[in-house]
**Q** 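Submitted below is the structure of interest, expressed as structure tokens.
A quick note: this is a predicted structure, and the numbers were derived from the prediction, not measured.
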Amino acid sequence: VLLVGGDNPVLGVPAVAGASVAAELLDHKRGPKVISFKKRRRKNSKRKRGYRDEISVIRITEILTDGKSPTIGVLGGYRDRTSGRVSVLGIDPQHGGLDWKARLGIVLQSSGETGLVTVREQLAHFAGLYPNPRDVDEVIAAVGLQGKEKVQIRKLSGGQRRRVDVALGIIGNPALIFLDEPTTGFDPEARRQFWELIRGLKADGTSILLTTHYLDEAAQLADRAGVIAGGRIVALGGIDEIGGTDARVPIVRWRDADGATREQRTEEPARLVAALVAEQGEVAALEVVRPSLEDVYLGLIAEHEQEQESAA
């Protein structure tokens, strides 16, 4: 799944096993590519030539391959690709110099910062490595670590240390930041606090590529979504539009007299519920739900698999 934001895009890439897609996304004026990627098919593939799907977004472009974390590595320039072509901010990551790297911020799943220095010392050190860094105090405030400036990193909570990771990712004032599963292992409260941090970065104009296992997180943080199945983009649109109107039709679920669970999609759930009550009286396990992003995603994947089986 590919998720992109609006004026200041947030891109989320939930894990999709076996997904292999080539995509080139351009800005809304068809201007310079921010990120483009072309992946060649294997020689024994039904599609022997390299291919490219295009999606028009506002400011940022993104790619999905078989692994989201390896993709981050390729795009960030610290992992070599096996084939194809990649361009990030107009540069091939394998040949990106210091000037190019200074325009990126990367927050991996695990960090290697020493825990023996304070938050301010660590940020001040990293700020000195960039030509145009953000103000240290400004960054500390942006990630919600006011009052922790003089605390050694090893004494911070897990959520606070993750905020330090993000602070290190944005201290260089990047044009693009990669966040690889930033909330894995967080409790619900910490996750929601972190969401507010991401929204704040977005409001400041930072473009973000976000990988996540949590589709509810993707729904909270992104504005647009594309579902990828079998190497192809099978659906693309706003978070509330993806999958089409049929995928958003409310579902009425209940348990019938025989104990079997029944469900029915309907544009008029209240009418159906009234009919069930009139027919059965008190209806067991009755619920009316609107499909979530996860429901829509699973439905699209199931539909794609059925089409593939029919075509086989």
Side-chain angles (χ1 to χ4, degrees), residues 8 10-13 15 68-73 75-79 96 98-214 216-218 220-221:
N8 301 297
V10 175
L11 292 88
V13 188
K68 55 190 177 17
S69 294
T71 300
I72 293 288
L75 298 179
Y78 60 89
R79 181 166 182 162
L98 291 178
D99 291 343
W100 174 81
K101 292 178 180 178
R103 300 175 65 194
L104 300 180
I106 301 176
V107 180
L108 302 177
Q109 294 181 36
S110 59
S111 62
E113 82 272 357
T114 175
L116 299 178
V117 297
T118 66
V119 172
R120 177 181 293 281
E121 289 170 342
Q122 186 78 325
L123 288 175
H125 171 71
F126 272 75
L129 303 177
Y130 292 94
N132 184 34
R134 296 179 63 169
D135 180 75
V136 172
D137 289 327
E138 174 188 306
V139 170
I140 289 174
V143 299
L145 286 175
Q146 303 96 317
K148 302 294 182 180
E149 299 94 328
K150 298 180 180 180
V151 178
Q152 288 187 336
I153 294 174
R154 64 185 179 88
K155 296 181 180 180
L156 298 176
S157 68
Q160 291 169 341
R161 294 188 67 160
R162 200 58 175 146
R163 288 173 180 266
V164 173
D165 293 341
V166 175
L168 294 174
I170 66 175
I171 190 66
N173 199 21
L176 172 63
I177 181 171
F178 299 105
L179 297 176
D180 193 6
E181 297 186 37
T183 62
T184 297
F186 279 24
D187 60 52
E189 181 180 2
R191 282 183 66 205
R192 280 160 177 75
Q193 290 175 349
F194 200 85
W195 291 354
E196 290 304 314
L197 169 58
I198 300 305
R199 293 187 182 105
L201 293 176
K202 179 183 176 182
D204 287 342
T206 304
S207 294
I208 302 169
L209 187 153
L210 168 72
T211 73
T212 179
H213 281 290
Y214 307 117
D216 63 326
E217 182 166 88
Q220 285 285 334
L221 296 176

**Q** Within a radius of less than 6.0 Å around CZ of R103, do more than 12 heavy atoms belonging to other residues, nucleotides or ligands occur?
**A** no
**Q** Within this structure, what is the OG1-CD distance for the pair T118 and E149, rounded to the nearest 0.5 Å?
**A** 9.0 Å
**Q** Atom CG of L197 and atom CG of L179: how far apart are they, to the nearest 0.5 Å?
**A** 8.5 Å
**Q** Which heavy atom in R199 sits nearest to a heavy atom in L221, and how many Å separate them?
**A** CG-CD2, 4.2 Å
**Q** Working to the nearest 0.5 angstrom, can you tell me the gap between D165 CG and I106 CD1?
**A** 13.0 Å
**Q** If I take atom CD1 from residue I177 and atom CG from residue L104, how far apart are they, to the nearest 0.5 angstrom?
**A** 10.0 Å
**Q** Tell me whether the count of non-hydrogen atoms from other residues, nucleotides or ligands lying under 6.0 Å of CD in Q146 goes above 12.
**A** yes
**Q** Taking atom CG of D216 and atom CH2 of W195, what is their separation to the nearest 0.5 Å?
**A** 4.5 Å
**Q** Is it true that R192 and Q220 share a donor-acceptor pair across their side chains at a distance under 3.5 Å?
**A** no
**Q** Within the 4.5 Å heavy-atom criterion, are Y78 and L108 side-chain neighbours or not?
**A** yes
**Q** Checking the side chain of R162 only, and the main-chain atoms of T183 only, is there a donor and an acceptor separated by less than 3.5 Å?
**A** no
**Q** Which atom pair, heavy atoms only, marks the closest approach of A102 to P131?
**A** CB-CD, 3.8 Å
**Q** Any donor and acceptor pair, going by atom type alone, linking the side chain of R163 with main-chain N or O of V143 inside 3.5 Å?
**A** yes
**Q** Could you give the distance from CD1 (I208) to CD1 (I198), rounded to the nearest 0.5 Å?
**A** 5.0 Å
**Q** Is the shortest side-chain heavy-atom distance between L156 and V119 below 4.5 Å?
**A** yes
**Q** Which heavy-atom pair separates R134 from A142 by the least distance, and what is that distance?
**A** NH2-CB, 4.4 Å
**Q** Ignoring hydrogens, what is the shortest heavy-atom contact between P182 and F194? Give both atom names and the distance.
**A** CB-CE2, 3.4 Å
**Q** Is the number of heavy atoms from other residues, nucleotides or ligands under 6.0 Å of R79 CZ greater than 12?
**A** no
**Q** Please say which of L116, V136, L168, I171 ends up in a side-chain contact (heavy atoms from CB on, under 4.5 Å) with Q122.
**A** L168
